[in-house]
Novice: 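The structure follows.
Chain A is the first sequence line, chain B the second, and so forth, proteins listed ahead of strands; every chain is numbered from 1. Predicted, not measured: the structure shown is a model, and the values here were computed from it.
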Amino acid sequence: MKENYSRQVQLPSGVVHVYAGSELFNALDYQVFQMANNNLQIPNQVYMSYTPDVHVGVGTCIGTTAVWNMHNGYVSPSIVGSDIGCGMRVHMTNLHKDELKEVKLRRKLVKTIEKYLPVEDHARGHFSDIRLEHIVTKGLHGLPKKYIPDGYTPRKATSLTHVESSKFSMDENALNRLSSQVWHRSHRQLGTLGNGNHFAEIQSIEIAEENREVAEAWGLFDGQVVIMIHSGSRAWGGSVSQTCSSDMLKVMRMNGLGTADPKLLFAPLEHSAAQTYVNLMYSALNYAVVNRHLIAYAIREAGKDVFGSKFEMTTLYDLMHNYAWEEKHEGQSYFVHRKGATRSLPPGHPDNPQPYLTTGHPALIPGSMGTASYIMVGATDGKANFHSICHGAGRIRSRSATKRLITLNEFASSMRVGTDEEIVVNQRSLESILDESPQAYKDVDQIIESVVGAGLAKVVAKCKPMATVKGAK
DNA sequence: ATGTTC
């Protein structure tokens, strides 16, 4: 029998589209549907969906795509979530995995990365010469030239073309809402990973045969070492959410707006509180993109230390999975929220950045620690889901439950500790990051199978972890 | 996720 990867679930408040194979669908918690039902109570919503990695979050599930028309739209800080602009970046190196065969060399690389990319708790970045007000208002365009090196992409252009967006235009007046303490802290944090599920990983790739042409057009080759980065807007984005929430609540109370969940915040787009939030959210998107860019810059410096000046780390792509912005779909303007969902445009879609117009842009999907990650490309049928796909494996266990149920030995064996294939981790104790063990997550291969089965995207390359850098808590 | 949470 043919597996069904796409369902419409009718709830009292409306329909949620669920993209998941039967096994994943049947394993979904009822709370996920309760949450959808609350989210669907926000007025004028035109579409809501879940990707197969969906799991419960605050106000809204991680794995949600929620869409409004521009002319009568709403924005919801709860749907965007607190780590505004969190996303992925992949850089391609000119190394083959055989050059990192020695565990000792992987350890040396990780150690050197820590020199340029501080990972201790409350780490300060090494970028005090960068002006924060330039970054948050102009994104990558606010960086001094030295941080935008030439030949940073396959076509030797600057890296500004190889991102979902190099700049989110915003009204600078909104920035006055943030305290000087937030400015100070965020300046120091620039170029740091953070903790939780954030990481920088050294991986080797296996190209998917059926999409070899696309992979090679992007500059990928079999056995290539790539650097995958997962990070967000650090304290800046969290402060934006917090700062805006009281205003949002006030607007909701004054207009008689609300759902069954008091934690679900939203306001009509045209309202001034909504506009302030959107502007500040865009500042956080700018921060997050720059932050990942600087993390890559730091790793590149470390790579040059270890492998010499011939070491290259060209940008494949950078994109987000926590954000909301305006998009055109078949000529119509929509306000699209993605919380733990990744945009994945197909070949020929006009919103692809110029270098990826004919192939579609890379969509970067992390697995959990010790498991594979994926480089995907959108498929035409993805338009049914506003070109949204999954953002990763998706949690199945809370952090506390993972610590209670999973042993250090189980974690160590999934990291192949003590073998030649060991996935080297920078943290001295696996115990400190036990809540990130792969046993806390769904099986990423199964998630990808659902996305491909539903016709939303295709696999271009599978990325296998060789070494991981995590922040301390 | 987050310098959390007085």
Novice: Taking all atoms of both residues into account, what is the closest heavy-atom pair of A:Gly237 and A:Ile84, and its distance?
Specialist: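 Minimum heavy-atom contact is O-CD1, 3.5 Å.
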Novice: Mind checking if A:Glu436 touches a base, just sugar-phosphate, or nothing, with heavy atoms under 4.0 Å?
Specialist: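 Sugar-phosphate contact only.
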Novice: Name the nucleic acid region contacted by A:Gly232, choosing base, sugar-phosphate or nothing; use a 4.0 angstrom heavy-atom cut-off, strictly under.
Specialist: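 If one applies the 4.0 Å heavy-atom cut-off, A:Gly232 turns out to touch nothing in the nucleic acid.
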Novice: Please table the atom pairs, donor to acceptor, closer than 3.5 Å between any side-chain atom in residues 466-473 of chain A and protein atoms at least two apart or in another chain.
Specialist:
unit_1, atom_1, unit_2, atom_2, d
A:Thr468, OG1, A:Glu201, OE2, 2.8
A:Lys470, NZ, A:Gly196, O, 2.9
A:Lys470, NZ, A:His198, O, 3.2

Novice: Not counting sequence neighbours, list each pair that qualifies as a side-chain hydrogen bond (donor to acceptor under 3.5 Å, both in side chains) and has a residue in residues 168-178 of chain A.
Specialist: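 Non-adjacent pairs meeting side-chain hydrogen bond (donor to acceptor under 3.5 Å, both in side chains): A:Asp171-A:Asn173, A:Arg177-A:Asp247.
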Novice: Check whether A:Phe25 forms a cation-pi arrangement with A:Arg7 (NZ or CZ under 6.0 Å from the six-membered ring centre, at most 45° off the ring normal).
Specialist: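 Cation-pi check for A:Arg7 and A:Phe25: passes.
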Novice: Is A:Lys115 paired with A:Asp305 through a side-chain N to carboxylate O contact shorter than 4.0 Å?
Specialist: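 A salt bridge links A:Asp305 with A:Lys115.
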Novice: To the nearest Å, how far apart are A:Leu193 CG and B:dT2 C1'?
Specialist: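 Value for this atom pair: 15 Å.
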Novice: Between the protein and nucleotides 4-6 of chain B, which nitrogen or oxygen pairs come in under 3.5 angstrom?
Specialist:
unit_1, atom_1, unit_2, atom_2, d
B:dT4, O4, A:Lys473, NZ, 2.0

Novice: Base, sugar-phosphate alone, or nothing: which one does A:Arg395 contact when heavy atoms must sit under 4.0 Å apart?
Specialist: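 Answer is nothing: A:Arg395 stays at 4.0 Å or more from every strand.
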Novice: Does A:Arg399 pair with A:Glu436 as a salt bridge, N-O distance under 4.0 Å?
Specialist: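 Yes.
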Novice: Which is true for A:Gly81 with a 4.0 Å heavy-atom rule: it touches a base, it touches only sugar-phosphate, or it touches nothing?
Specialist: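 Nothing, no nucleic acid heavy atom in range.
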